[in-house]
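Reading through the structure tokens given below for one structure.
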Amino acid sequence: MLDNSDEFQPEHDAETVWAFDAAPRWMRIEAVSKIPDLLDRLTKQAEDATAKIRSRTDQASELAKVIGQVSVREDDWRAKLQSAMQETGLTFSADAIGRADVSLINGELKIKAPKSFQLDLGREEVTRALRHLSHPELPFQITFYQPSPNSAANGANDD
């Protein structure tokens, strides 16, 4: 028995692709009726792509927010200490901490300040500020350095 399905007919194995404007007229007329389906499929693909992009954008925004919060938490200690010192009347110490490098490393505050602020920024002033911030037990270390002559001109701190 012979199978008359299209897949076994050799004349249907070859496929010719035409540019729309180069196709025979009868094909163009047939193709026009397919345009709404094509537009629907393209619209659906665009909507799917937009949804994926929005999802990824939301994920990226959340990640950036978390990274920003971690960064602010670590870098915010200088501002917190400066504010606490101002609120407790330690004006000179607040100015000194404002010019220091302050970071929280392994649960310990590392304060690095120019040697010229050594009289204004001692253990007592930092302890008082930490108590005011409700962190009286937070360990800290203060290091003073002598800025090089170049750093004063550049505004940079040298080790």
Side-chain angles (χ1 to χ4, degrees), residues 15-23 27-28 31-159:
E15 183 178 295
T16 304
V17 177
W18 298 81
F20 185 80
D21 61 345
M27 283 184 159
R28 290 184 292 192
V32 168
S33 68
K34 304 286 186 190
I35 290 175
D37 293 336
L38 173 65
L39 292 176
D40 287 342
R41 288 179 63 190
L42 290 173
T43 301
K44 176 73 171 117
Q45 286 177 351
E47 289 169 351
D48 291 347
T50 302
K52 282 182 183 178
I53 290 169
R54 281 194 179 122
S55 172
R56 299 288 162 81
T57 300
D58 291 345
Q59 290 173 354
S61 294
E62 286 298 314
L63 179 61
K65 189 176 173 181
V66 168
I67 290 170
Q69 288 172 346
V70 168
S71 175
V72 166
R73 279 188 214 124
E74 291 179 3
D75 295 340
D76 197 46
W77 278 101
R78 177 175 44 198
K80 286 180 184 180
L81 288 171
Q82 187 175 28
S83 176
M85 288 174 178
Q86 287 170 340
E87 290 169 10
T88 56
L90 300 169
T91 308
F92 294 116
S93 299
D95 184 45
I97 202 75
R99 297 200 177 136
D101 292 327
V102 181
S103 56
L104 183 64
I105 300 172
N106 295 328
E108 180 180 36
L109 275 179
K110 303 284 186 176
I111 303 168
K112 185 176 167 187
K115 200 171 197 83
S116 59
F117 293 110
Q118 196 165 3
L119 294 175
D120 300 318
L121 189 61
R123 293 200 63 78
E124 183 180 322
E125 291 80 10
V126 174
T127 301
R128 187 168 162 186
L130 288 172
R131 226 175 312 155
H132 184 74
L133 292 170
S134 301
H135 292 287
E137 303 299 320
L138 184 65
F140 65 91
Q141 177 184 11
I142 306 172
T143 306
F144 295 99
Y145 66 93
Q146 183 64 45
S148 70
N150 302 8
S151 65
N154 301 348
N157 294 342
D158 277 352
D159 291 334

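- One N or O on the side chain of Q82 and one on the backbone of A94 form a donor-acceptor pair closer than 3.5 Å.
- Looking at heavy atoms from C-beta onward, W77 lies out of side-chain contact with I97 at the 4.5 angstrom threshold.
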Side-chain donor-acceptor distances from residues 39-50 under 3.5 Å, at least two apart:
{"from": "T43", "atom 1": "OG1", "to": "L39", "atom 2": "O", "distance (Å)": "2.7"}
{"from": "K44", "atom 1": "NZ", "to": "D48", "atom 2": "OD1", "distance (Å)": "2.9"}
{"from": "T50", "atom 1": "OG1", "to": "A46", "atom 2": "O", "distance (Å)": "2.7"}

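- Counting all heavy atoms, side chain and backbone alike, M85 lies closest to A129 at CG-CB, 3.8 Å.
- Here the side chains of L133 and L138 are not in contact, with every heavy-atom distance at 4.5 Å or above.
- Between R131 and P136, the shortest heavy-atom contact is CG-CB, 3.9 Å.
- No side-chain donor-acceptor contact under 3.5 Å links S55 to the backbone of A51.
- The shortest distance between side-chain heavy atoms of P114 and F144 does not fall below 4.5 Å.
- When all heavy atoms are compared, the tightest approach of F20 to A31 is CE1-CB, 3.7 Å.
- Taking CE from M27 and OG1 from T16, the interatomic distance works out to 7.5 Å, rounded to the nearest 0.5 Å.
- Residue P36 comes nearest to V32 through the heavy atom pair CD-O, 3.8 Å, listed as atom of the first residue, atom of the second, then distance.
- For the atom pair CD (Q59) and CZ (R54), the distance works out to 14.5 Å, reported to the nearest 0.5 Å.
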Using residues 116-127 as the side-chain source, report each donor-acceptor pair under 3.5 Å to any protein atom, sequence neighbours left out, with the distance given to one decimal.
{"from": "E125", "atom 1": "OE1", "to": "G122", "atom 2": "N", "distance (Å)": "2.8"}
{"from": "T127", "atom 1": "OG1", "to": "R123", "atom 2": "O", "distance (Å)": "2.7"}

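- Between F140 and L81, the closest side-chain pair of non-hydrogen atoms is not below 4.5 Å.
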